[in-house]
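Single-structure report; data block below.
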Protein chains: 2
Amino acid sequence: MIHGTQEVLGLLAGRWSVDVLYLLASGTRRYSQIFYEVGEISKKTLTQTLRTLETKGLVTRRVFPEVPPRVEYSLTTRGWSLSSLLMAMYEWSAEDGSTRRTGHLRVAA
Amino acid sequence: MIHGTQEVLGLLAGRWSVDVLYLLASGTRRYSQIFYEVGEISKKTLTQTLRTLETKGLVTRRVFPEVPPRVEYSLTTRGWSLSSLLMAMYEWSAEDGSTRRTGHLRVAA
DNA sequence: CTGTATCCAGTAGGATACTG
DNA sequence: CAGTATCCTACTGGATACAG
């Protein structure tokens with residue numbers, strides 16, 4: 001179990017993986033779009049992050065042989081699958097937040 | 001959503017956090033027990049990991065004023081709550097493994 | 001037994017400049 | 001536009017020795 005869990009965390013390793021994954025979960029993006037939308041990242045790190053995510057089978061890289069070059073990134077099926085886990089983490093943190101404030105779960109009225 | 005997700009990943013940051021969490025999920029342990037059961041960790045890093053988990057509210061540290069000293073670590077409620085998320089990650093990785101081999105989910109006969 | 005103190009190496013990631 | 005190349009800093013964690 002430890003191993004499987006670490007495997008998931010390994011997929012999400014790196015400062016920017018989650019940001020990129022969330023961004024691509026809202027649609028295919030070109031390199032420069034990601035670069036600007038994701039925020040403070042350097043090009044070196046962005047390229048590195050994208051390549052790593054590609055190697056892990058989470059992201060697809062599609063090159064269009066044009067001038068100037070165009071490269072589009074999108075989630076693979078596996079990437080989409082993993083994004084549901086990202087949502088689960090977000091939901092846990094939200095629930096954790098209200099639980100820690102109120103001492104119990106807030107139930108809809 | 002990114003923020004909440006990163007918060008969860010922050011709780012699990014560090015090479016040994018998940019190992020310690022899983023270990024404590026199987027019961028309270030003394031310092032030296034964790035040290036030996038977790039494997040290759042150094043004492044410095046173990047102490048650091050435990051203190052960090054304590055600060056994050058995932059682990060409780062209980063000191064018994066004896067000679068020689070005894071210190072017991074266990075999960076807090078929040079730690080238990082988070083461990084269900086660890087299980088979700090494990091289950092995703094297991095499902096991911098069979099899906100990637102077979103191309104579809106394996107269903108019980 | 002349960003740590004601290006000190007030193008050190010490996011790695012992630014930023015800054016900047018350059019390329020096809 | 002979509003990267004590479006180079007240099008550099010900060011942080012994580014291991015090794016070892018020492019302490020209460």
Side-chain angles (χ1 to χ4, degrees), chain A residues 2-3 5-24 27-56 58-75, chain B residues 2-3 5-24 27-56 58-75:
Chain A
I2 291 182
H3 184 259
T5 303
Q6 305 267 34
E7 186 188 322
V8 169
L9 293 174
L11 294 176
L12 302 175
R15 168 66 184 84
W16 299 101
S17 299
V18 170
D19 301 69
V20 170
L21 255 16
Y22 266 112
L23 190 60
L24 294 184
T28 296
R29 293 280 193 295
R30 298 183 58 167
Y31 182 87
S32 53
Q33 288 181 296
I34 304 175
F35 183 71
Y36 288 113
E37 292 183 45
V38 99
E40 296 274 83
I41 197 170
S42 69
K43 284 195 287 184
K44 175 196 164 191
T45 302
L46 176 56
T47 300
Q48 204 171 261
T49 300
L50 287 166
R51 293 286 205 281
T52 300
L53 292 176
E54 193 192 0
T55 298
K56 289 167 177 168
L58 299 174
V59 159
T60 300
R61 178 172 182 265
R62 193 172 174 203
V63 183
F64 296 82
E66 310 170 351
V67 178
R70 177 159 59 110
V71 181
E72 289 184 354
Y73 293 89
S74 50
L75 291 189
Chain B
I2 291 182
H3 183 259
T5 302
Q6 306 266 35
E7 185 187 324
V8 170
L9 292 174
L11 294 177
L12 302 175
R15 168 66 184 84
W16 299 102
S17 298
V18 171
D19 301 67
V20 170
L21 255 17
Y22 266 112
L23 190 60
L24 294 184
T28 296
R29 293 280 193 295
R30 297 183 59 166
Y31 182 86
S32 54
Q33 288 182 297
I34 304 175
F35 183 70
Y36 288 113
E37 292 183 44
V38 97
E40 295 276 80
I41 198 170
S42 69
K43 285 192 289 184
K44 173 194 164 191
T45 303
L46 176 55
T47 299
Q48 204 170 260
T49 300
L50 288 166
R51 292 287 204 281
T52 302
L53 292 174
E54 193 191 359
T55 298
K56 288 166 177 167
L58 300 173
V59 160
T60 300
R61 178 173 182 265
R62 191 169 175 206
V63 183
F64 296 82
E66 310 169 352
V67 179
R70 177 160 57 111
V71 181
E72 290 184 353
Y73 293 90
S74 51
L75 291 189

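The chains referred to below are lettered A, B, ... by the order of the sequence lines, with proteins before strands, and numbering in each begins at 1.
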Rounded distance (Å) that lies between atom C1' of D:dG3 and atom CD of A:Q33:
16 Å

Enter the distance from A:R15:CZ to A:Q48:CD here, rounded to the nearest 0.5 Å.
14.0 Å

Got a second to check how far B:L50's CG is from B:E54's CD, nearest 0.5 Å?
8.5 Å

Minimum side-chain heavy-atom gap B:V63-B:P69 below 4.5 Å:
no

Side-chain (A:Y31) to main-chain (A:K43) donor-acceptor, under 3.5 angstrom:
yes

The first and last nucleotides of DNA chain C lying within contact of chain A, meaning any atom under 4.0 Å from one of its heavy atoms, run from C:dG13 to C:dG20

A:Y73 near the nucleic acid: base, sugar-phosphate alone, or nothing, with a heavy-atom cut-off under 4.0 Å?
sugar-phosphate

What's the verdict on side chain to side chain contact (heavy atoms under 4.5 Å, CB included) for A:L46 and A:V20, showing C-alpha distance, side-chain angles and the deciding distance?
CA-CA 9 Å; A:L46 176 56; A:V20 170; 4.2 Å; yes

Checking side chain to side chain donor-acceptor pair (under 3.5 Å) against A:Y73, which of A:R29, A:R61, A:R62 comes through?
A:R61

Are A:R61 and D:dG3 close enough that a side-chain N or O sits under 4.0 Å from OP1 or OP2?
yes

Take A:L21 and A:V59, measure what side chain to side chain contact (heavy atoms under 4.5 Å, CB included) needs, and give me the verdict at the end.
CA-CA 8 Å; A:L21 255 16; A:V59 159; 4.2 Å; yes

Expected string for nucleotides 4-18 of chain D under the B/S/- scheme (protein heavy atoms, under 4.0 Å, primed atoms plus P, OP1, OP2 as sugar-phosphate) is S-BB-----BBB---

Specify the closest pair of heavy atoms between B:I2 and A:V18, including all atoms of both residues, with the distance to one decimal.
CG2-CG1, 4.5 Å

